[in-house]
Structures are given as structure tokens and as C-alpha cells.
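Structure first, then comments.
Just the heavy atoms: all of them, side chains too, but no hydrogens, waters or symmetry mates, feed the values below.
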Amino acid sequence: MAVPLRMAAVAAVLAAARAPLPPELRGPAGDARQEAAVRALARRLLGSRAAAVALSVDAALAAGGPDVYRLRSPPGSTVAVAVTGSSGVAAAAGLYRYLRDFCGCHLSWSAAQLRLPDPLPRLQTEIRAATPNRYRYYQNVCAQSYSYVWWGWERWEREIDWMALSGINAAPAFAGQEALWQRVYRALGLNQTEIDAHFTGPAFLAWNRMGNLHSWAGPLPRAWHLQQLYLQYRIVERMRSLGMITVLPAFAGHVPPGVLRVFPRINATRLGNWSHFDCTLSCAYLLSPEEPMFQVIGTLFLKELIKEFGTDHIYSADTFNEMSPLSSDPAYLAGISNAVFRAMTGADPEAQWLMQGWLFQHQPDFWQPPQVQAVLRAVPLGRMIVLDLFAESKPVYEWTESFYGQPFIWCMLHNFGGNHGLFGAVEAINRGPFVARRFPNSTMVGTGLVPEGIEQNDMVYELMNELGWRHEPLDLPVWVSRYAQRRYGAPDAAAGAAWQLLLRSVYNCSGACVNHNRSPLVRRPSLHMDTQLWYNASDVYEAWRLLLSAGAALGSSPAFRYDLADVTRQAVQQLVADYYQRIRDSFQRRALPELLAAGGVLLYDLLPELDALLGSQRLFLLGRLLQSAHAAATSEREAEQYERNARNQVTLWGPSGNILDYANKQLAGLVLDYYGVRWSLFVSLLVESLNTGSPFHQEQFNQAVFQVERGFVYNEKRYPATPVGDTLEIARKIFLKYYPSATQRGRDGPP
């Protein structure tokens, strides 16, 4: 009788899911509500100066097509500019166009430059802009854990404002889903112990949601569920009020082990392990596509979700993210795909499935054309949207006949793990969307920004957002000159020249470029580390010099100070690689004095100087990250758990360094107390090896340094959460010490 009783409980939950929703959560907002939302955004952004800008929303402006905005200055009006958009997002994008191109303003993650002219400039002619595609998409599922995990509403509000001003009109809204999964699991008959054993800790939920990982760093406290539900209500309401499409999560077929206890005859098979985790923390159970409970669970969850948050009819699900399917038989793959889609339409007949295309390029040996075609064509054409996730480097549409007819979004991935490091593939992103749009029988329906982590490389994202409204490529040297002037609020020849050097070097990676920082600075030391660069290091050193020379003129600009810190950080990262080569070469030549000299500079000067530099900027503080984790807690026990989550993610990434340093960051505190301590142990063991005549054993070092790494995760040292020191002074001090020898090495070649 147990199973029928449980199914009765499931039926009761499904019936409750039909209760009416409040209007603000039902779906897309009308013109009046979007107009009110974009006016409120303008007031948050501009304060009292917002009164000089008239903002309105008129859906008819787009005539049923993609978004449009119009800018004009009404004759004889006290209003400087009137902005009309076909949606709240379009109106916000039009407002930012005016602020950017006519007021010289700039808004980014690192800084805002909003010194408005007085009076505001009037336009001589009307400007009308139409985006070439339906979607401007934003967010990577991994960023939910790498960047957003500890955010409260204040930070989410700023991000959604930035999204609207950037013209983004579609994004995931994934917060709070674990609370609803908990309801579903309870209705199915799982006990709380089984549910707690399934969920990971907050910093690893992105991979729990995709079936990659379970249990690690959990369980989730009850307070977490309540906080995230509250956040989701506000996120969904604000996004929809601005005319954005919220992409909600759906069931991909993975179930916790407790489901097998409740339904012992259920048809489920265990997948293989993910990454370097064994089956104690990975190896998800996947339901067979023929299993009736696939539809029951999938429909139950989505009905519960829609009841809670309403819907815009687009749902995200990824069954085989970095995991090999049980069979390469196209019939099996088509069955899984069809089952996922039917579970969506069982709850929402208008459902569209948004799927990441990452799997196709991540495992190309498995995903041959018949396998890809099976997954895509099991869903009616037009009812799936594929994110061509890494299109700037490894586009999939080119070898899949434009995803075999399914619509796709051309995406720039750009960043892995939220790593720091200057990087871009600007030529590829400046050309790529336009090439894709002209591809034979192209099904491209938009552009997207999908970094694994944010708050880095502002320029690349400003460029990509602008391209979402363009019909042809930009002149990049001209564009970056204007970008620098807007960002700093004034023209400066030296700063402009610095940006031209950065544009042609660190920001112009070509070919299959992967922005995953592998600098010796942030990797576990060994004698076989990669120090190759995709650019000329001397260009960064010269850009460093030029930016410093602009300090007197631009030093009051927060954006300039951030960029100076970031470029200095990049230069120091290069210097660390140089000193590593000196250490390695000295060891291999058994030159102890030279090894001691190079190791001494690295350990006792260069790394401490870098740590001090990073400590002068808010976005480079470990203390800020840990403080945000603590702020999400409602008890000391939760605070301790959340801090361990945060520390583990940026270091060991798992209990035993399973994905060691994947999410490395260059943060004040982390540099000295994690990377620096590792380097100190490495150098001391090399010195000991030369002194004793015994060989250096990497495996022995790895075992010893793991204790150091693990100790960092579990120590309780507090770090400043506010900047300390003057960025200009610290950068100048480092420059005077290291620039002359760095440029000399550039002329002489590697040491």
C-alpha cells in the first residue's frame, strides 16, 4: 500500500499547483508595468537627473519583431531626450546608448562613471536602433555557484539593472529550486536524511543540478531554502517587470538514491563518475526514458515551480553535462531527449527547452552527427533553443548544419571558473555572430554572454553587449579608444595607447583559445609548468608603463584605479612565471645560490607586493568573498559551513583536490596564505634536494602540499573586507622595482 499512498500525495501536490498566482509573477508584464520599472531603474542610476529623461514603452514599436528603441529630443521641451523602447529592456538599452554615446558615461561590474553634462545634451536627429535577433542571453549555469551564490537582493538588483541597460532580455532564474525539489521529494516519500544527503553545499549546487555531484559540502540548511525562495520571488518579479524572459529549471532525468528505495522497481541506471570524483559523490542515477516516473517526477516538479513563480515558457535542462550517456545508440539518446521535453509539456504545453550545447564540443568523439541529430530532432523544430556555448572558439553550429534546424544562440563563454587574468578573443567575437547569421540556412536567434564567472575583463562584456544590437562588426581600435575615454571620464593619450596595446595582445587570442588561468602563480608548483603566453608579454609591460604615466591625470577615477591594479596584477603574473623559470633552471643546473636568490625575490617581495596591491581594490579581496558567505548565514554553524564552501571552491574544489585550482582567483589573502605558502614549500624542498643530493619527488611534494592546501580551507583567519592602501602608490612601487628587468628580459628572451 505504500506506493499508492505516496502517489496520492503526489496527486495532491499536483492539484495544489493549480492555485492562482499573484499578477506580478504570472508572466510577461504589460507596457505600463515595464515603463514604471525602467523609470525606477533610471532613478536608481541617475538620481534627480533622471527627471531630464522621458522613458516610455510601446510594444508596437517592434511590429512583432525583435526589440527596437528610439531616441529623440522633443522641440521646446524641458526633457533633454525621450527614449521609447518596444520593451522595458529596449528602453533601458536606449537610455544607456544615450548615456554612453552622448554623455560619455560608462557602467560596468568594477566601476560606474556617471558624470553627466549639465545641461544634458540634446539630439540633432532621431535615432532608431533595432536588434537583429530575438534574444540577448546572459548567464552560465556555473556562474550561479562561482559568482552569484552568496548574493543578497541588493547585489541582484544592481546586476539586473546592468542586464537591462546592456539590453539583455533572457536569463536563468534558478534560485530557490532546491526548496521545491525538497517538496517534490517529500511528496514522493523520501525522508529528510535522504534529501539532505543528496544536495551539495551552496557553492556546488550548479553541479548538483546537472547531476554531476551530490552530497559534497552539504547539507542545505532550512534557512537557505527560505532565503533563496525569497530571492527568487524578487528576481523573477524584477526581471519580468523589465520585459526580460526568465528561464526556469526543469527535470533532466537524474534522481537521488532515495527514489530507488521508495520505488524499488523503478528503471534507473547509474551513470559514470564526473571529473575526478568517485561514486561516493558523483555517479548520478538516470531514469530510463520509458520509465513512467520520468514523466511523473518531471511534471510534478515543473507544476510546483510554475505554481510558485509563474512562467515565461522557457526551461533549462542538461542531462549529459560532461557525462557520457549509457549508450551511443541514437534511439536511446532520442528517447532521453523526448522524455525530458514531454515532462516539460506535461506541465506547460507551450514549453520550449533551452539546452546548453557544451556537451557536443566537450566530448566530440562521442557526439558524432548521428548522436547530436538524435538529441536535437527528438524535439519538434522550434521547441528547443541551443546555446552554442563556446562559439567564439569552438562553434558547434558549423558542423551540425545549424543544429539540424533547431534555433541557437551564438554565445561567448570567455571565462572558466571565475579566474582572474586579462583575456579576450575580440576579433572572434567581433566577427563570429555576423558569420553565424549568414551561415547557410542559419537558425541563429540571438547572441549570449555565458561566462562561468563574472566581475572580470569588463571591456570584453561591454563589447559583446554592444554587438548584440549591431548589424555589422565594429572598428575595434576606434571602439576601444572611445571605451577608455568613457570609462575614465576624460581623454588621455597614454591611457588610450595602453588600451591599444592590450587590444592587440591579451585581448586578441586567436584559434581555440581557452581562458583558464594556468599561470604558475595559481597552480600547484612542479618542475613541469606551462609558461607559454598567447601574446607578447612586452605589450603588457608597456601598457603598464603607459597607464602609470596617466595616473596624475586619471588617478581620481575608480575605474582607472581598478584597471591599473588589474594590469599590474597581469604584469606580476608574468613576472612570477619568469621567476619560476629561474628557480627551475637553477635547480636543474644545481646552482643553489641562484635558486635561493630567485626564490627569495618571489617569496619575500613579489608575492607580498602582489597581495598588497590586490588588497587595495574591493573586487580583489578574499575577505569580501568570505564576508558575503557569512552574510548569507543565520547561525554560527551555517557561517562556518558557508565559509568552508567558499574557501574550498577557490582552492581544492572537492575533498581531495578533485578539481584542484580550477576556480583559482587572485585575491588579497589567497595570494600570501595559499599560493605563497605552496611556493615556499616548493622552493624549500628544492633547496633541500640540492643540499642533500637527493632527488626531488613530485608525488611526495604533492602529499605534503595537500596538507597546506587543506589547512587553508579549514583555518579561521579573518581577512579585510574593505580595501587598504593606495593602488597608485603600490603599483608605482612594484613598477620601479621590476619594470626595468622585465623589459630587459623581454629583449633578451626567457631567462
Q | Gap separating the CD1 atom of Ile266 from the CZ atom of Arg261, nearest 0.5 angstrom | A | 12.5 Å

What I'd like to find out is whether the side chain of [X] reaches to under 4.5 Å of the side chain of [Y], using heavy atoms alone.
X      : Y      : answer
Leu354 : Ile385 : yes
Trp207 : Ser275 : no
Pro202 : Leu220 : yes
Trp410 : Ile429 : yes

Please give me the minimum heavy-atom distance between [X] and [Y], naming the atom from each residue.
X      : Y      : value
Trp399 : Phe360 : CZ2-O, 3.8 Å
Leu381 : Tyr404 : CD2-O, 3.7 Å
Asn419 : Tyr662 : ND2-O, 3.0 Å
Val379 : Ser337 : CG2-OG, 3.7 Å

May I ask you to decide if the ring planes of [X] and [Y] are parallel, tilted or perpendicular, using 30° and 60° as cut-offs?
X      : Y      : result
Trp156 : Tyr148 : tilted
Phe416 : Trp358 : tilted
Trp224 : Trp150 : perpendicular

Q) Do the side-chain N and O atoms of Gln232 and Gln177 include a donor-acceptor pair separated by under 3.5 angstrom? A) no

Q: Answer with yes or no whether the side chains of Tyr315 and Asp348 bring together a donor and an acceptor at under 3.5 Å.
A: yes

Checking [X] side chain against [Y] main chain: does a donor-acceptor pair fall under 3.5 Å?
X      : Y      : answer
Thr443 : Gln406 : yes
Ser215 : Ala197 : yes
Ser87  : Met244 : no
Glu291 : Asn267 : yes
Arg134 : Gly446 : no

Q) Met444 and side chain to side chain contact (heavy atoms under 4.5 Å, CB included): which partner among Ser402, Pro407, Pro433? A) Pro433

(Q) Strictly below 4.0 Å, N to O, side chains only: are Asp312 and Arg240 in salt-bridge contact? (A)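 Yes, Asp312 and Arg240 are salt-bridged.
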
**Q.** Steps toward side-chain hydrogen bond (donor to acceptor under 3.5 Å, both in side chains) verdict (Ser324, Gln363)
**A.** CA-CA 8 Å; Ser324 296; Gln363 294 176 296; 3.1 Å; yes

